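First comes the structure, then the notes that go with it.
These numbers come from a predicted model, not from an experiment. Counting convention: from 1, in listed order, for ligands and their atoms alike.
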Amino acid sequence: MRPTRINMPQRPARERARDFIEVNLGYSSRQAQEEAQRCLQCKTRPCVAGCPVGISIPDFIKAIAENRMPDAVKILKDKNSLPAVCGRVCPQEDQCEKKCVLLKSGHPVAIGHLERYAADWEKENDVSRQACAAFDVTEPRVAIVGSGPAGLTCAGELVKFGFDVTIFESLHDTGGVLRYGIPEFRLPKKILDYELNCLKKRGVKIFTNTLIGRTKSIDDLFSEGFEAIFLGVGAGLPKFMRVPGENLNNIFSANEFLSRVNLMNAYMFPEYDTPVPEGKRVAVIGGGNTAMDSARTALRLGASEVTLIYRRSKQEMPARVEEVHHAEEEGIKFAFLTDPLGYKGDERGFVKEVECLEMELGEPDESGRRKPRPVKGSNFVMPIDMAVVAIGLSPNPLLPRLTKGLETTDWGELKIDNDFMTTKKGVFAGGDIVGGETVIQAMGMGKDAAQSIKQYMFQKRMEC
Ligand SMILES: Cc1cc2nc3c(=O)[nH]c(=O)nc-3n(C[C@H](O)[C@H](O)[C@H](O)COP(=O)(O)OP(=O)(O)OC[C@H]3O[C@@H](n4cnc5c(N)ncnc54)[C@H](O)[C@@H]3O)c2cc1C
Ligand code: SF4
């Protein structure tokens, strides 16, 4: 057994930093088998406990090691309906790979890379026809609001139970953050389209351009004959720092910036209608995946210098380790322990500089991360012509405000019980709208909520 994990082949940084083609190239079959053979097939299966959807990790890895690829796909898909997505974007280092016994040696099994390999093998070998065979859908009718990973997973599970499932999505295209947030160079749209086509073939109906709460209400859906509703509406409301000058031109929320590029194809303007400014000196504020995606996108749009401003140190960054590594390779600059105080603009109202303050780390806060505190008198100015604010998102209050009986927590998330039911009977919720933070958490909740909906329908029928 080789002691070190096999790195994922990737495109050279200099070449990829100027285009939107996927960075990672995927394992060859020889590499996948060699990596799979590193797995010790532990009896206690600690890695499975680290997976929010409980994939039988040692079993799918064994199937790859023995070149039984259809088995590997089947085992994966049994628990995860979007493995090609998860193999690309899950923070494995905080989940399954963190629990792998080989972590002690510094080289846990590359579970995410192997998941991606198996999922891509499925597509390339056209076993999808069988996997996406239509189910015999009859009743009851369930409405899913939102087509992000929570909604898609819930829909996929319900249609397997034989339910008649309809997804309503407010945007003109489906996928939630997987489409409008995560850029093409990390998650090609064709991967997402493949998974969506599979759902459609299975009988799930999808209506886009339908904002539930405005186009029609939740009560309208019940009146139309839907017997249960799942809300997977995410948390798409951008947060701002509320510092002076934040309203200047060319200061964007990450949501708007990434949506323009990913959803509206702004990088192909004027071929597509939506423009996006091509900042030359760009500051991105934040330290998560959204900040990393914004910085790397700005670089690909032609910026000559992109600086990521983060008020803590590298160790505290919530972004996936791989994204930070890729950003560094591509030439993104990092201003750690730096806090923006405000922006100044030129005579036309366009941002021209950001004033910052240096920070130092103090005691850990409630999240366990060391809290930054200002270093007195350390102010400095950074000249910029564009800024992207990526300091987090919060739930959109529209639906609870317009729906009688839907209660929220102090943070604006929907209140749910242990069965994912909200405070409104027959309405369930999961994903970021109830406090999830990752794709796989959203999927896990979508899946568990589907079980609860099945149970709820069963009880409803018994009561009739
Ligand atoms: C830029 C970015 C990068 C990220 N990178 C990663 C990563 O690498 N790995 C990871 O695990 N996580 C990542 N995340 C987090 C992850 O994407 C989210 O946790 C996940 O998408 C949440 O899924 P969801 O289904 O709850 O919501 P979403 O993906 O937000 O989907 C919600 C959908 O509901 C629709 N909707 C909202 N309101 C209504 C309404 N009233 N009517 C109809 N439709 C509605 C929205 O348009 C949207 O399509 C990232 C997030 C962002 C923003
Ligand atoms: S913990 Fe690591 S070595 Fe053990 S079964 Fe899981 S992946 Fe294999």
Side-chain angles (χ1 to χ4, degrees), residues 36 38-52 56-62 85-86 88-92 94-97 99-103 108-111 114 144-154 167-183 186-187 207-218 231-238 254-255 257-259 262-263 288-294 297 318-320 322-323 390 392-393 395-396 398-399 402-403 429-443 445-446:
R38 295 183 60 238
C39 174
L40 303 175
Q41 295 294 313
C42 311
K43 281 212 167 62
T44 49
R45 302 158 81 87
C47 47
V48 179
C51 173
S56 302
I57 293 169
D59 299 332
F60 99 78
I61 293 182
K62 189 161 192 259
V85 171
C86 292
R88 285 171 166 82
V89 306
C90 267
Q92 289 95 3
D94 288 328
Q95 297 175 338
C96 50
E97 292 179 12
K99 303 269 178 177
C100 176
V101 292
L102 292 180
L103 181 69
V109 174
I111 301 169
L114 291 170
I144 308 280
V145 184
S147 65
L152 293 179
T153 308
C154 189
I167 297 180
F168 296 98
E169 166 58 52
S170 56
L171 296 174
H172 67 267
D173 212 342
T174 42
V177 172
L178 302 181
R179 188 175 303 274
Y180 76 74
I182 301 182
R186 276 217 290 141
L187 177 62
F207 290 93
T208 50
N209 295 315
T210 312
L211 178 65
I212 301 301
R214 288 271 186 232
T215 320
K216 49 176 102 188
S217 69
I218 292 206
L231 304 178
V233 290
L237 199 67
N255 236 23
F257 177 63
L258 291 172
S259 296
N262 297 326
L263 185 69
N289 287 320
T290 311
M292 225 54 65
D293 285 342
S294 303
T297 297
R320 291 179 77 225
E322 185 181 55
E323 306 319 327
L393 297 163
N396 189 321
L398 180 92
L399 253 188
L402 297 175
T403 311
D432 282 10
I433 189 61
V434 302
E437 288 181 338
T438 60
V439 171
I440 195 76
Q441 280 173 355
M443 291 176 62
M445 291 194 227

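- What you find for Thr290 and Ala254 is that their closest heavy atoms are CG2-CB, 3.5 Å.
- For atom 8 (Fe) of ligand 2, the nearest non-hydrogen atom of the protein is Cys39 SG, 2.4 Å.
- Residue Ala442 touches ligand 1 through its side chain alone, judged by heavy-atom distances below 4.0 Å.
- Where the criterion is an N or O separation shorter than 3.5 Å, residue side chain and backbone included, Leu178 fails it with respect to ligand 1.
- Counting only heavy atoms from C-beta outward, the side chains of Ser217 and Leu402 never approach each other to under 4.5 Å.
- In this structure, CE in Met443 is found 8.5 Å from CG in Leu152, a value given to the nearest 0.5 Å.
- Polar contact check, Asp293 against ligand 1: no nitrogen or oxygen pair lies under 3.5 Å apart.
- Here the protein heavy atom with the shortest distance to atom 45 (C) of ligand 1 is Ser170 OG, 3.4 Å.
- Ranking protein heavy atoms by distance to atom 27 (O) of ligand 1, first place goes to Gly234 CA, 3.3 Å.
- Atom 8 (O) of ligand 1 has Arg186 NH1, 2.8 Å as its closest protein atom, hydrogens excluded (heavy atom only).
- Atom 41 (N) of ligand 1 has its closest protein heavy atom at Ile212 O, 2.8 Å.
- Counting only heavy atoms from C-beta outward, the side chains of Cys42 and Pro58 never approach each other to under 4.5 Å.
- Ligand 1 has an N or O atom lying under 3.5 Å from an N or O atom of Val177, backbone or side chain.
- Proximity of Pro149 to ligand 1 is established by a heavy-atom distance of less than 4.0 Å.
- Looking only at heavy atoms of the protein, atom 32 (C) of ligand 1 is closest to Gly232 O, 3.3 Å.
- Look at Val145 and you'll find a heavy atom under 4.0 Å from some atom of ligand 1.
- Within the 4.5 Å cutoff, the side chain of Leu399 has no heavy atoms near those of the Ile433 side chain.
- Only the backbone of Thr210 comes within 4.0 Å of ligand 1, counting heavy atoms alone; no side-chain atom from C-beta on gets that close.
- Between Thr208 and the choices Ile167, Asp173, Thr174, Leu171, the side-chain contact (heavy atoms from CB on, under 4.5 Å) rule is met once, by Thr174.
- Contact detail for Ile111 and Glu97: the closest heavy-atom pair is N-OE2, 3.0 Å.
- The two atoms that bring Gly288 and Pro318 nearest to each other are CA-CG, 3.9 Å, heavy atoms only.
- Counting only heavy atoms of the protein, atom 11 (O) of ligand 1 lies nearest to Val439 N, 2.9 Å.
- Taking 2.8 Å as the criterion, Cys100 counts as a coordinating residue of atom 2 (Fe) of ligand 2, since one of its N, O or S atoms falls below it.
- Using a 4.5 Å heavy-atom threshold, the side chains of Val109 and Leu114 count as touching.
- Of all protein heavy atoms, the one closest to atom 3 (S) of ligand 2 is Leu40 N, 3.3 Å.
- In this structure the side chain of Val233 never reaches within 4.5 angstrom of the side chain of Asn396, judged on heavy atoms.
- For the pair Glu169 and ligand 1, the shortest N or O to N or O distance falls below 3.5 Å.
- Proximity of Arg320 to ligand 1, defined as any heavy-atom pair under 4.0 Å, is confined to the side chain (atoms from C-beta onward).
- Here Cys42 has heavy atoms under 4.0 Å from ligand 2 in both its backbone and its side chain.
- Below 3.5 Å of separation, one finds no N or O of Gly431 facing any N or O of ligand 1.
- When hydrogens are left out, the protein atom nearest atom 31 (O) of ligand 1 is Gly148 CA, 3.4 Å; that is the closest non-hydrogen contact.
- For atom 34 (O) of ligand 1, the closest non-hydrogen atom of the protein is Gly146 CA, 3.2 Å.
- Closest approach of Met445 and Gly431 over heavy atoms only: SD-N, 3.4 Å.
- Comparing Leu211, Asp432, Val434 against atom 40 (C) of ligand 1, the shortest heavy-atom distance belongs to Leu211.
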- Start with the C-alpha distance between Arg186 and Met292, add both sets of side-chain angles, then the distance that settles side chain to side chain contact (heavy atoms under 4.5 Å, CB included), and finish with yes or no. CA-CA 11 Å; Arg186 276 217 290 141; Met292 225 54 65; over 6 Å; no
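- Heavy-atom separations between Gly436 and ligand 1 are all 4.0 Å or longer.
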- Item | CA sep, side-chain torsions, deciding dist, call: Arg45, Ile57, side chain to side chain contact (heavy atoms under 4.5 Å, CB included) | CA-CA 8 Å; Arg45 302 158 81 87; Ile57 293 169; over 6 Å; no
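- The shortest non-hydrogen separation linking Asn262 to Arg179 is CB-O, 3.3 Å.
- Contact annotation: for Ala254 versus ligand 1, there are no heavy atoms closer than 4.0 Å.
- Closest to atom 6 (Fe) of ligand 2, if we only count protein heavy atoms, is Cys47 SG, 2.3 Å.
- Rounding to the nearest 0.5 angstrom, the gap separating the CD1 atom in Ile182 from the CZ atom in Arg88 is 11.5 Å.
- Residue Arg88 places every heavy atom at 4.0 Å or more from ligand 1.
- Considering both main-chain and side-chain atoms, Thr290 never comes within under 3.5 Å of ligand 1 through any nitrogen or oxygen pair.
- The N/O atoms of Gly175, backbone and side chain alike, include none that comes under 3.5 Å of an N/O atom in ligand 1.
- The nearest pair of heavy atoms linking Leu258 to Ser294 is CD1-OG, 3.8 Å.
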